[in-house]
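See structure below.
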Amino acid sequence: MILPEVRDPSMVTIRRGGTLRDDDHRLLALWAADCAEHVLHLFEVQAPEDMRVRDAVTAARAWAEGTMPMMQARAAGGHAMGAARPLRGAARFAAHAAGQAACVAHVAEHDLGAAAYAIKAARSAHPEDAAATRTERDWQRSQLPDQVRQLVLLDQRRRDSICWFVFGTD
């Protein structure tokens with residue numbers, strides 16, 4: 001479970017009683033899509049004919065660009081998670097990363113789910129590389145837009161324990 005029991009108002013949109021601006025919500029979705037896409041090949045090697053995971057990454061971007069309704073993006077996320085079910089290891093984690101990215105349209109806090117699952121995918125793909133977790137995390141952080149960088153870094157510290165401690169690796 002990557003969502004906290006108590007929602008942080010900084011990750012809830014203004015219209016739902018939080019302080020997150022719509023522009024920042026869209027940036028979180030785009031960053032989550034980048035995180036998922038970075039490990040997408042790990043899924044596609046295992047299931048090259050299954051487009052549900054790639055479609056979820058596309059849906060995250062389409063929602064952020066205003067060309068897809070939230071419910072459609074969220075549904076694409078669910079389909080990507082369905083694609084994960086029969087798989088194990090890196091491919092499964094990569095599919096979950098894409099599913100979480102598409103679900104950012106519904107709940108902004110899914111951005112860390114996309115990032116955390118992408119880190120788990122990279123680590124699973126390279127179990128012999130002790131630095132794989134840190135390398136993927138650092139790549140993700142290098143992709144963060146300046147406007148949401150502090151928000152995401154604070155959220156990573158706050159939710160690291162429910163995201164398998166993947167963000168605190170130094």
Side-chain angles (χ1 to χ4, degrees), residues 1-12 20-21 23-47 53-54 56-61 63-64 73 76-77 80-81 83-84 87-170:
M1 180 69 166
I2 56 92
L3 296 177
E5 288 183 28
V6 177
R7 304 277 308 276
D8 179 346
S10 69
M11 295 298 289
V12 177
L20 183 66
R21 297 176 329 112
D23 288 346
D24 293 341
H25 190 181
R26 286 188 287 274
L27 288 174
L28 292 172
L30 291 171
W31 175 70
D34 289 345
C35 292
E37 187 171 50
H38 197 240
V39 297
L40 181 60
H41 65 281
L42 299 171
F43 171 82
E44 291 178 331
V45 164
Q46 292 291 315
V53 174
R54 181 169 289 280
V57 173
T58 300
R61 289 199 171 97
W63 174 81
M81 293 193 212
L87 303 173
R88 296 289 173 257
R92 182 180 182 121
F93 296 137
H96 279 297
Q100 292 286 314
C103 289
V104 171
H106 180 247
V107 174
E109 289 165 313
H110 283 292
D111 70 322
L112 286 196
Y117 276 114
I119 290 170
K120 287 182 72 158
R123 181 172 56 199
S124 183
H126 304 287
E128 73 291 343
D129 183 358
T133 297
R134 183 176 52 250
T135 300
E136 183 65 20
R137 182 210 59 194
D138 291 351
W139 178 87
Q140 291 175 358
R141 287 180 178 174
S142 75
Q143 305 307 302
L144 274 168
D146 289 340
Q147 299 92 312
V148 294
R149 182 175 189 75
Q150 284 308 108
L151 176 66
V152 170
L153 294 177
L154 287 171
D155 198 28
Q156 285 180 347
R157 282 187 215 104
R158 184 175 41 253
R159 291 197 286 150
D160 193 38
S161 65
I162 61 173
C163 292
W164 312 287
F165 298 98
V166 298
F167 301 118
T169 305
D170 289 320

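- Here H25 and W63 bring their ring centres to under 6.0 angstrom of each other.
- Nearest heavy atoms, A114 versus A101: CB-N, 3.7 Å.
- A 4.5 Å side-chain heavy-atom check between F167 and D155 finds every atom pair outside the cut-off.
- Remark: side-chain polar atoms of S142 are paired, donor with acceptor, to backbone N or O of W139 under 3.5 angstrom.
- Between V152 and W31, the closest side-chain pair of non-hydrogen atoms falls below 4.5 Å.
- Counting only heavy atoms from C-beta outward, the side chains of Q100 and V104 never approach each other to under 4.5 Å.
- Considering every non-hydrogen atom in both A102 and A76, the closest pair reads CB-C, 4.3 Å.
- Contact check for L151 versus L28: side-chain heavy atoms found under the 4.5 Å cut-off.
- With contacts defined as side-chain heavy-atom distances shorter than 4.5 Å, the pair Q143/H38 does not qualify.
- Residue T133 holds its OG1 atom at 9.0 Å from CZ of R137, rounded to the nearest 0.5 Å.
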### Task
Starting from the C-alpha separation in whole Å, work towards a yes-or-no answer on side-chain contact (heavy atoms from CB on, under 4.5 Å) for L112 and Q156.
CA-CA 7 Å; L112 286 196; Q156 285 180 347; 3.6 Å; yes
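- At a threshold of 4.5 Å between non-hydrogen side-chain atoms, the residues P4 and R159 count as touching.
- A33 approaches V57 most closely through the heavy-atom pair O-CG1, 3.8 Å.
- H110 pairs by the ring pair (Phe, Tyr, Trp, His ring centres under 6.0 Å) definition with nothing, not counting sequence neighbours.
- Shown here for A29 and A64, the closest heavy-atom pair between the two residues is CB-CB, 4.1 Å.
- Closest approach of A116 to W164, counting heavy atoms only: CB-CZ3, 3.6 Å.
- H126 contributes atom NE2, which lies 6.5 Å from atom CG of L42 (distance to the nearest 0.5 angstrom).
- Here the closest heavy-atom approach between residue A132 and residue A122 is recorded as CB-O, 4.1 Å.
- Atom SG of residue C163 and atom CG of residue L3 lie 8.5 Å apart, to the nearest 0.5 angstrom.
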### Message
Determine whether E136 and R123 satisfy the following criterion, salt bridge (Lys or Arg N to Asp or Glu O under 4.0 Å), listing intermediate values before the conclusion.
### Response
CA-CA 8 Å; E136 183 65 20; R123 181 172 56 199; over 6 Å; no
### D146 and R149: CA distance, side-chain angles, deciding distance, salt bridge (Lys or Arg N to Asp or Glu O under 4.0 Å) verdict
CA-CA 5 Å; D146 289 340; R149 182 175 189 75; 5.7 Å; no
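- Remark: R61 engages D34, E37 in a salt bridge (Lys or Arg N to Asp or Glu O under 4.0 Å) (not counting sequence neighbours).
- I119 CD1 to T135 OG1: the interatomic distance, rounded to the nearest 0.5 Å, is 10.5 Å.
- M81 places a side-chain heavy atom less than 4.5 Å from the side chain of C103.
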### Residue pair E109, I2: steps toward the side-chain contact (heavy atoms from CB on, under 4.5 Å) verdict
CA-CA 8 Å; E109 289 165 313; I2 56 92; 5.7 Å; no
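- Two residues are said to be in side-chain contact when any heavy atoms from C-beta on lie closer than 4.5 Å; F43 and R54 fail this criterion.
- Applying the 6.0 Å contact sphere to CD of E128 captures more than 12 heavy atoms from other residues, nucleotides or ligands.
- In summary, the side chains of R21 and Q147 do not present any donor paired with an acceptor at a separation below 3.5 Å, with no hydrogens or angles considered.
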